[in-house]
Amino acid sequence: MGDVVRLPGLGLEDADWLVGAALEVRVKRGFPPLAVAVIDVAGEVVVLRRDDGAMPMTSRIAVAKARTALFSLQSSGEIKLPGAIVDSIQHLYDGDFIPFAGGILVTDGNVVLGAMGASGAHALEDEEAAQAAVQRWHDQHHLG
């Protein structure tokens, strides 16, 4: 059969670890229930989990925040654009563009491996949970 061809970047094991770590951070810091998503470099979901008690819409918002980070190559909360431009980009990406904190890139130095998004708490808490998980993951893998 040969080797399986796959995209570069995050695999299932790392994506699952990142989501679990973000949900642990959420519990430790007392944030409301979250949905957390990790996407690959193609923008497709690798892992999506929603805490018990999180609103159903948080799943789609978490994915959209991750895609926003991936498409813009920056954290979703760093995007500063006028409303009309945001509306146009949201239309272009079928609503998968949310310029609020909670979507971050997962990188190795300057190489994008995927992106992660969280939703359910205050946007800054969403990002804090995702950022803490990615930092722990980097520390374990000795990445930049």
Does [Y] offer a backbone N or O that forms a donor-acceptor pair with the side chain of [X] under 3.5 Å?
| X | Y | result |
| --- | --- | --- |
| R67 | D96 | no |
| S76 | G103 | yes |
| K65 | A118 | yes |
| D108 | V111 | no |
| H138 | V106 | no |

Side-chain touch [X]/[Y], heavy atoms, less than 4.5 angstrom:
| X | Y | answer |
| --- | --- | --- |
| D14 | H141 | yes |
| I104 | V134 | yes |
| P32 | E125 | yes |
| K80 | V86 | no |
| L12 | W17 | no |
| D126 | L34 | yes |
| T68 | I89 | no |
| L23 | D51 | yes |

Give a yes or no on whether [X] and [Y] share a hydrophobic cluster (residues Ile, Leu, Val, Met, Phe, Trp, Tyr; joining criterion: side-chain heavy atoms under 4.5 Å apart).
| X | Y | value |
| --- | --- | --- |
| W137 | V36 | yes |
| I79 | L105 | yes |
| V47 | V112 | no |
| L70 | L81 | yes |

- Task: Kindly check if the number of other-residue, nucleotide or ligand heavy atoms within 6.0 Å of CZ (R60) is above 12?
- Result: no
Grab the two heavy atoms, one from [X] and one from [Y], that are nearest each other, plus how far apart they are.
| X | Y | result |
| --- | --- | --- |
| L48 | A37 | CD1-CB, 3.8 Å |
| V41 | P8 | CG2-O, 3.6 Å |
| S119 | A62 | CB-N, 3.8 Å |
| A54 | P33 | N-CB, 3.5 Å |
| G120 | T58 | CA-CG2, 3.7 Å |
| A15 | V46 | CB-CG1, 3.5 Å |

- Starting from M55, walk the hydrophobic network (Ile, Leu, Val, Met, Phe, Trp, Tyr; side-chain heavy atoms closer than 4.5 Å) and list everyone else you reach, by chain and number.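 Joined to M55, directly or through intermediates: M57, I61, I98, F100.
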- Item | Salt bridge flag under 4.0 Å for residues E128 and R29 | yes
- Task: For side chain to side chain contact (heavy atoms under 4.5 Å, CB included), just list the numbers for R49 and D16, CA-CA rounded to whole Å, side-chain angles, deciding distance to a tenth of an Å, and then say yes or no.
- Result: CA-CA 9 Å; R49 288 175 49 195; D16 195 48; 4.0 Å; yes
Interatomic distance, [X] atom [atom1] to [Y] atom [atom2] [nearest 0.5 angstrom]:
| X | Y | atom1 | atom2 | result |
| --- | --- | --- | --- | --- |
| M116 | L10 | CE | CG | 9.5 Å |
| L113 | I39 | CG | CD1 | 12.0 Å |
| Q90 | F97 | CD | CZ | 7.0 Å |

- Taking only residues two or more places apart in sequence, or in another chain, which ones meet F71 in a ring-ring contact (aromatic ring centres under 6.0 Å, His included)?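 Only Y93 meet the ring-ring contact (aromatic ring centres under 6.0 Å, His included) criterion with F71.
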